[in-house]
A.B. asks: 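Structure below; questions to follow.
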There are 2 protein chains.
Amino acid sequence: MEYTIKDVAKKANVSIATVSRIVNNQTGFSEKTKRKVLDVIEELGYQPNAVARGLINKRTHTIGVLFPKFSGMLVTEFLSGIEKAANEQGSSVIVCHTESNGEKTMKYLQLLNEKRIDGIIFTSEVLKDEYYQYIKKMKVPMVLLSTESYVYPVPYVKVNDRHAAYTATQYLIQKGHKKIAMISGNKDDIIAGKPRIDGYINAMTDNGLPVNDKYIINSKSFAFQDGVEGLEALMRQAPGVTAVFAASDEIAIGALSKAYQLGIKVPDDLSIIGYDNLSIAEMSAPPLTSVAQPLAEMGEMATKMLFEMMETGQSVESRIMPHQIIERNSV
Amino acid sequence: MEYTIKDVAKKANVSIATVSRIVNNQTGFSEKTKRKVLDVIEELGYQPNAVARGLINKRTHTIGVLFPKFSGMLVTEFLSGIEKAANEQGSSVIVCHTESNGEKTMKYLQLLNEKRIDGIIFTSEVLKDEYYQYIKKMKVPMVLLSTESYVYPVPYVKVNDRHAAYTATQYLIQKGHKKIAMISGNKDDIIAGKPRIDGYINAMTDNGLPVNDKYIINSKSFAFQDGVEGLEALMRQAPGVTAVFAASDEIAIGALSKAYQLGIKVPDDLSIIGYDNLSIAEMSAPPLTSVAQPLAEMGEMATKMLFEMMETGQSVESRIMPHQIIERNSV
DNA sequence: TTGAAAGCGCTAACAG
DNA sequence: CTGTTAGCGCTTTCAA
């Protein structure tokens, strides 16, 4: 398994150039030599060395993906789509876990640069200037997944968070709810936090419903615990609410759990709608109604865009992916 | 960012050999030249080309990880540990999603071989002869994660499934339960299916409790749906049970959900214990008692073992990781 | 302490 | 149709 092109050439009585041509499906050899060479390759079990190829072709057929968090199920869904699309293009994917840590991120970027990867997918986090500048210098294409940059011209794929939040709230309103609260994620999160709050507020005002500050709970993050604390606070400061829009499924499940503890019946006493439609949404009791993002497709799309950029050398258009309410039994 | 060692050498008025020595922390240069070269490197932002290095050093500082499934949360946990340990060693990890598909797996193995990765972690699936033979030919070390081979001498890291299942059942017995059922995963799964059933049976008989065929539900897999169907079947064929040991948390959550639907109160009417202690275990209502595997640590351990094999050229001992009952409120 | 030169495995002109 | 040769960017003898 450690035969080189030389071994093949020698054994087949041809030059290495000929072997190279045949291996790369080029032209310039007779059917006969092709057969002979292919036989030898088969016999030796020769596998071209991608490292050597990468050195000369300046293409490693490898892309890098940066994730701020590894917990949570968003990651696997994204990764699944990314990996699928990459594999279809004959490329591999290197995963990097940045922990939202600037220093770590830069080290990863440097590592990816040394490895001469062909492109980068940057996910779920704001693209800092430092990152952008570095990647720009690397001269490899990049696409943003589930995030976007308001300042740099980098193509992204994500859903429209404001719009999705609007839809969720609107859905609650259509079901007859008027006193609708929101347990938001981090409101300082310019990508996933603020827009969802805005969507909620827009939907309320567009429907002539009052927006009460007491009805909006700002959490630190999008986690389960934020949901349980959020619902508790909500019940204290706004006991009259009949429905809540949670900024993530984890928050929703947390709220569900707290409601159960408090003896509040869902959906009879209180309706809850989540956001993300993770697999846990269908596992909760009652099953959670949620606004779905097509996570795997988003990963796939981002990867395809990346490959298009690699091939054309041009940038591509960003994609807003469709969201969709998945009705289950929590509303 | 595309400067080469030559550029550095020229600008610093030294030979490329000297630059190489300095970059690699070797000896054989004056403090003065070192300073000069380092300055130039800094100025140019020179990054050594890992591809060229890989070609000559025969080490790519990249490992490959094969996962049969990408859904589920086991993956992220494992990956998180693997990625952490690999990163500490200055290596990257390429993820491969085999879908338990033999053909796909072989293609991945081939790809990894062409890329000349330094080692392989093979997870959660039985190591087929074909895979083993190929990897052996690749001459790279491999370790098994959350699986083991009864026929090939490949080091693995996993918990003792039989023992863990025994512990879970024993725990139920200690809590005073006698009529204990099990909703198993796939009983033909020689790694994660059968051993857990055996552990359950052993614990029952060791405690003088009868093992009733009706008390064992064999599912197709370890998924949520298997749990809901499992509990339903169980209630039909063995209504008297007071506790159930589920072969996975997803099954347990499914059972929990069905119980809720059926008006069975957990833990009052029925106790349920899960297996894996995934993050969903603490999100259920009531929170699920579960036997925990240290997933991230297992990934980390497997990776460390892999690196040890790479360094020493020798095989290493397999590791049985400790399991542990996490008490919550479903028992 | 330094440099020249060979070569890792491969591709791509350039000849023939 | 086929072979020779010059690198890709780097490490590593071998001399100086």
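Numbers restart at 1 for each chain; the letters A, B, ... are given by sequence-line order, proteins then strands. As the structure is a prediction and not an experimental result, all values here were calculated from the model.
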A.B. asks: Let me know the distance between OH of A/Tyr3 and P of C/dC10, rounded to the nearest Å.
C.D. replies: 14 Å

A.B. asks: Rounded to 10°, tell me the angle between the two end axes of the helix from C/dT1-D/dA16 to C/dG16-D/dC1, each built from five pairs.
C.D. replies: 40°

A.B. asks: So if I take residues 7-18 of chain A and measure heavy-atom distances to DNA chain D, which residues fall below 4.0 Å?
C.D. replies: A/Asn13, A/Val14, A/Ser15, A/Ala17, A/Thr18

A.B. asks: For the pair made of CZ in B/Arg116 and P in C/dG9, what is the distance, rounded to whole Å?
C.D. replies: 8 Å

A.B. asks: How close or far is atom P of C/dG9 from atom NZ of B/Lys115, stated in whole angstroms?
C.D. replies: 19 Å

A.B. asks: Identify, residue by residue, the members of residues 27-42 of chain A with a heavy atom below 4.0 Å from DNA chain D, and return them in order of residue number, or none.
C.D. replies: A/Gly28, A/Phe29, A/Ser30, A/Thr33

A.B. asks: Measure the distance from CZ on B/Arg21 to C1' on C/dT1 and round it to the nearest whole Å.
C.D. replies: 8 Å

A.B. asks: Is the number of heavy atoms from other residues, nucleotides or ligands under 6.0 Å of B/Lys69 NZ greater than 12?
C.D. replies: no

A.B. asks: Scan side-chain atoms only and decide if B/Asn87 and B/Glu83 contain a donor-acceptor pair under the 3.5 Å cut-off.
C.D. replies: no

A.B. asks: Between which nucleotides of DNA chain D, read 5' to 3', does contact with chain B run, using atoms under 4.0 Å from its heavy atoms?
C.D. replies: D/dC8 to D/dT13

A.B. asks: Test B/Val37 against B/Phe29 for side-chain contact (heavy atoms from CB on, under 4.5 Å), laying out the working first.
C.D. replies: CA-CA 11 Å; B/Val37 169; B/Phe29 44 80; over 6 Å; no

A.B. asks: Whole-Å distance between C/dA4 P and B/Ile5 CD1?
C.D. replies: 14 Å

A.B. asks: Taking all heavy atoms of A/Arg116 and all of B/Pro48, pick out the closest pair and write down the distance.
C.D. replies: NH1-O, 4.0 Å

A.B. asks: May I ask you to say what A/Glu114 touches in the nucleic acid, namely base, sugar-phosphate or nothing, with a heavy-atom cut-off under 4.0 Å?
C.D. replies: nothing

A.B. asks: Stepwise, does the side-chain contact (heavy atoms from CB on, under 4.5 Å) test hold for B/Leu66 with B/Cys96?
C.D. replies: CA-CA 5 Å; B/Leu66 303 183; B/Cys96 306; 3.2 Å; yes

A.B. asks: Using side-chain hydrogen bond (donor to acceptor under 3.5 Å, both in side chains) as the criterion, list what pairs up with A/Lys11, not counting sequence neighbours.
C.D. replies: A/Glu43

A.B. asks: Report the residues that fulfil side-chain hydrogen bond (donor to acceptor under 3.5 Å, both in side chains) with B/Lys84, sequence neighbours left out, ordered by chain and then residue number.
C.D. replies: B/Glu300

A.B. asks: Below 4.0 angstrom, N of the basic side chain to O of the carboxylate: do B/Arg35 and B/Glu31 qualify?
C.D. replies: yes

A.B. asks: For A/Asn49 and B/Ile56, take the nucleotide of DNA chain C holding the closest heavy atom to each; which residue's nucleotide lies nearer the 5' end?
C.D. replies: B/Ile56

A.B. asks: Side chain to side chain contact (heavy atoms under 4.5 Å, CB included) with B/Tyr46: which of B/Asp7, B/Ile5, B/Val40?
C.D. replies: B/Ile5

A.B. asks: Under the side-chain contact (heavy atoms from CB on, under 4.5 Å) rule, what do B/Leu109 and B/Asn113 come out as? Steps first, then yes or no, please.
C.D. replies: CA-CA 6 Å; B/Leu109 253 20; B/Asn113 182 41; over 6 Å; no

A.B. asks: Could you tell me whether the phosphate oxygens of C/dT11, OP1 or OP2, come under 4.0 Å of any side-chain nitrogen or oxygen in A/Ser20?
C.D. replies: yes

A.B. asks: Tell me, do A/Asp129 and A/Tyr152 make a side-chain contact under 4.5 Å, heavy atoms counted?
C.D. replies: yes

A.B. asks: Among side-chain atoms of B/Lys115 and B/Thr62, is any donor-acceptor pair under 3.5 angstrom?
C.D. replies: no

A.B. asks: Within the supplied structure, the quantity of interest is the number of heavy atoms (other residues, nucleotides, ligands) at a distance under 6.0 Å from A/Glu103 CD; does it exceed 12?
C.D. replies: no

